[in-house]
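Take a look at the structure set out below.
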Amino acid sequence: MSQMFDRSGNAVLHPSDFERRSWPEDFAHENGNYTCTCSECGETFIGHKRRVVCKVCSTSPKCLGCGGKGCQTCDWFGLQ
């Protein structure tokens, strides 16, 4: 799959990846159609204006000890 770019030349997510990261359950709410940036991965998604994590990162297991930065527990359980 080739990389997609916007008119300014910035790389953009493939539409299916963008949809995977977004929160469609927020769309019906008044504040549910904001473009947000995930604090975990830095990717863009659509959701409530107060959301800080995309759907993909919210469902990915993280190590509670190091926060996914890498430790022996992460290695044992294959966490991020």
What is the minimum heavy-atom distance between Cys54 and Cys41, and which atoms define it?
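Scanning both residues completely, I find the closest heavy atoms to be SG-SG, 4.0 Å.
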Non-hydrogen atoms of Cys57 and Glu40 that approach each other most closely:
SG-CB, 3.6 Å
Once rounded to the nearest 0.5 Å, what's the spacing between atom CZ of Arg21 and atom CD1 of Ile46?
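Reported to 0.5 Å precision, the distance equals 13.5 Å.
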Interatomic spacing from CZ in Phe45 to OG in Ser22 - rounded to 0.5 Å
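Those atoms lie 7.5 Å apart.
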Side chains of Val53 and Ser39: does their closest heavy-atom pair fall under 4.5 Å?
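Sidechains of Ser39 and Val53: in contact.
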Can you tell me which residue pairs pass the side-chain hydrogen bond (donor to acceptor under 3.5 Å, both in side chains) test with a partner in residues 23-34, sequence neighbours excluded?
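Residue pairs passing side-chain hydrogen bond (donor to acceptor under 3.5 Å, both in side chains), neighbours aside: Glu25-Lys55, Asp26-Arg51.
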Examine Phe18 and Phe27 and state if one hydrophobic cluster contains both, with Ile, Leu, Val, Met, Phe, Trp and Tyr joined whenever side-chain heavy atoms are less than 4.5 Å apart.
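Yes, because Phe18 and Phe27 connect within a single hydrophobic cluster, where side-chain heavy atoms sit under 4.5 Å apart.
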